[in-house]
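Take a look at the structure set out below.
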Protein chains: 2
Amino acid sequence: MHDLPDPPGGARMRDVARAAGVSAMTVSRALREPSRVSPEVRARVEAAVREVGYVPNRLAGSLSSRRSDVVGLVVPSLENSLFAATVKGISDVLRREGFQLMIADSLYSPEAEEAAIRAFLEQRVAGLILHDTLHTEATVRMIRRAGVPVVENGTVPAEPLDMVVSYSNREAAKAMTRHLARLGYRRVALVTLPSAANARSRDRRDGFLEALAELGRPQDPRLMLEMPSGLVSGAEALARLMEGAEPPDAIFFAGDVLAAGAVLECQRRGWAVPGKVAIAAFDNVDLLAQLNPPVTTLRLPRHEIGTRSARMLLDRLAGRQSGPAVLDLGFEIIQRAST
Amino acid sequence: MHDLPDPPGGARMRDVARAAGVSAMTVSRALREPSRVSPEVRARVEAAVREVGYVPNRLAGSLSSRRSDVVGLVVPSLENSLFAATVKGISDVLRREGFQLMIADSLYSPEAEEAAIRAFLEQRVAGLILHDTLHTEATVRMIRRAGVPVVENGTVPAEPLDMVVSYSNREAAKAMTRHLARLGYRRVALVTLPSAANARSRDRRDGFLEALAELGRPQDPRLMLEMPSGLVSGAEALARLMEGAEPPDAIFFAGDVLAAGAVLECQRRGWAVPGKVAIAAFDNVDLLAQLNPPVTTLRLPRHEIGTRSARMLLDRLAGRQSGPAVLDLGFEIIQRAST
DNA sequence: TTGTAGGCGTTATCAG
DNA sequence: CTGATAACGCCTACAA
């Protein structure tokens, strides 16, 4: 909390009013509802605004009007480029509608998310977009009490807080597993990110297991691995899985850039993909299409999740939409040479 | 701008005061300067806060105190993971100090930057961090008039607005060019991002040319190319440069993931790297170390730029630092197998 | 179409 | 250590 150097340089509405020879109220109107002010006065006000270099104070405006044009966003990580696509989608829509974006990262911790959301509510944001769907009880109470609209993004939660825009991690993982089976792979392994604090990861694992069950295949713990994020991690996962007695003939890397790391490791080891082992990924990052071989993966609507979330939130704020809503944006399998 | 549902659910300070049997002023103190309130009262206030579910209204607080704990950040692009590292650094420091972050992207357009900055100033942010160093005149006027502290990040500008935290794009490009010459490469090509709206790109080109001049080598327009960002673009740049009559023996990709795209294209063409052509990159993204061969590049202090920028800004806000300051964080060459 | 009065929820200031 | 009072800059509501 630090000093705002308003007084020396900052002109207030009344300064504009004086310069334009009207009342402050008229300046306010001229700025927000130009049509409700005579053209002549409007011109004088606009001139005065330029003359004194007036920058409206939205803190005062929001306090008085009990409205806000700031949306709060919490993502698990600011460094993950997958979230970046969603953030971009949100930002694009908000900008067009004249809203501002406050961002915080939760680091996959519900407690950190709670702190971020509290800070946002203190700033009286108009609405929240949350990528994680797991919240502390205190968070839920705070949000309920505040009454702000919320959009959740990460996956379709069992008990949505309010609105949801996502794809189904479970269905996506299931579809890819089926796809690999259809291609003839018999021993399909799954690598996920640590599921402890990651509902998305659990959903993917569940989808994988559901597919196996439907296919009448047994669960084999030797074919399931949790690894942290990263290229190196993908390489290591590959090594571990292939060292086993009955190695997989296909590996589904259901997270991040793990698959890319694995393909690069195959290059180093001189292993043919998919000859030695097939590799599938979970997200359509540019890299996967450019790798040798290009990697089969899922196209997820990352950017659209952002745009639709923002739209849904703004619709609610504008009273254009009533109740909770769940939007499942689906996904698509991209078959490439790696499987 | 939309309705804030404060009244139904939102308790105000006076509600807390009533519940605790004290005045609102005492609640305010108990919350912000607990030591200036008797332990007994403090406890009553804390209990009352929990009881009524009080969430302070910082709009009112900031308006009254003329302080803000929000920092505005403008990056060229929200999707570029290089900026993400800097954003993360900023966010880490701000969180620790209890500040909030508003983010907007400029899309490399000074006009869009101006709009974003205006919006931030309307929100009365305590300070600004700008990644671009090119601003419209109106932007400069606005910032000067507002008197908010500013940190610029992109490159060291000729006329800093205020504080600067960066590395020198020119020096970094120069150093890598020299490095390639030292390794024995005779015809070094340069690929940059479009320089029209990108000062960083121009600086890199200038550094490249300076190095050539120092080495007594001629400028060869056939060895300089501007390409848009992206892996595919890197592959295409490679193809174009190698198709010429006197192809380069080394290519310095001074932007983004261009170099990675080129290495992957070499794999496809069966070109040895560096046998057929050496490849160097500009930023230490994880991928470069994992590619085959691993790619020589520059380690830039992306994350540290963020942390130091935030610290410098907060120091200024706390009165701990006086005038403008320019912090050059340097860089480092990482020699790998691709050169 | 324009203006006046009062209040949004908090904090600075000064008094007790 | 605590409280009363007056802003902070703008907007809602109503009046002219």
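Naming convention: chains lettered A, B, ... in sequence-line order (proteins, then strands); numbering from 1 in each chain. These numbers come from the heavy atoms of this one structure, side chains and all, not from hydrogens, waters or symmetry mates.
When the salt bridge (charged side-chain N to carboxylate O under 4.0 Å, His left out) test is applied to B:E79, no partner is found at least two apart in sequence or on another chain. Applying the side chain to side chain donor-acceptor pair (under 3.5 Å) rule to B:D328 yields no partners; only residues at least two apart in sequence or on another chain are considered. Here A:R44 pairs with A:E40 under the salt bridge (charged side-chain N to carboxylate O under 4.0 Å, His left out) rule; sequence neighbours left out. Legend: residues meeting salt bridge (charged side-chain N to carboxylate O under 4.0 Å, His left out) with A:E33, ordered by chain and number and at least two apart, are A:R36. In this view, A:S28 and A:R32 satisfy the side chain to side chain donor-acceptor pair (under 3.5 Å) rule, not counting sequence neighbours. Taking A:R29 as the reference, nothing meets the salt bridge (charged side-chain N to carboxylate O under 4.0 Å, His left out) condition, with sequence neighbours excluded.
Between the CG atom of A:L63 and the P atom of C:dT11 there is a distance of 12 Å, given to the nearest Å. In this structure, A:R58 atom CZ and D:dC11 atom C1' are separated by 13 Å, rounded to whole Å. In this entry the distance linking CZ of B:R66 with P of C:dT13 reads 11 Å, nearest Å. Between the CD atom of B:Q123 and the C1' atom of D:dC10 there is a distance of 14 Å, rounded to whole Å. Note: CG (A:L59) to P (D:dC11) measures 12 Å, nearest angstrom. Taking atom CE on A:M13 and atom P on D:dC8, their separation rounds to 15 Å, with Å as the unit. Note: CD (B:E122) to P (D:dG9) measures 15 Å, nearest angstrom. For the pair B:R14 CZ and D:dG3 C1', the computed distance is 15 Å after rounding to whole Å.
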Structure string for DNA chain D in dot-bracket form, Watson-Crick and G-U at under 3.5 Å, | interchain: ||||||||||||||||
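Listed nucleotides: D:dG9, C:dT10, C:dT2. Nearest to the side chain of A:V37: C:dT2.
No option in A:L327, A:V150, A:V151 other than A:V151 meets the side-chain contact (heavy atoms from CB on, under 4.5 Å) test with A:M163.
The backbone N or O of A:P34 lies less than 3.5 Å from a partner atom in the side chain of A:R42, making a donor-acceptor pair.
Distances shown here put a side-chain N or O of A:T26 below 4.0 Å from the OP1 or OP2 atom of C:dG3.
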Taking only N/O atoms, report every protein-nucleotides 12-15 of chain D pair under 3.5 Å with atom names and distance.
| from | atom 1 | to | atom 2 | distance (Å) |
| --- | --- | --- | --- | --- |
| D:dT12 | OP2 | A:R32 | NH1 | 3.4 |

Would you be so kind as to tabulate the donor-acceptor pairs closer than 3.5 Å made by side chains of residues 114-122 of chain A, with sequence neighbours excluded?
| from | atom 1 | to | atom 2 | distance (Å) |
| --- | --- | --- | --- | --- |
| A:E114 | OE1 | A:T136 | OG1 | 2.8 |
| A:E122 | OE1 | B:R58 | NE | 2.8 |
| A:E122 | OE1 | B:R58 | NH2 | 2.9 |

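Contacts classified as ring-ring contact (aromatic ring centres under 6.0 Å, His included) and involving residues 144-166 of chain A (residues at least two apart or in different chains) are not found. Residues in residues 41-94 of chain A take part in these ring-ring contact (aromatic ring centres under 6.0 Å, His included) pairs, two or more places apart or across chains: A:F83-A:H131.
Near DNA chain D, meaning a heavy atom under 4.0 Å from it, residues 38-51 of chain A has no residue at all.
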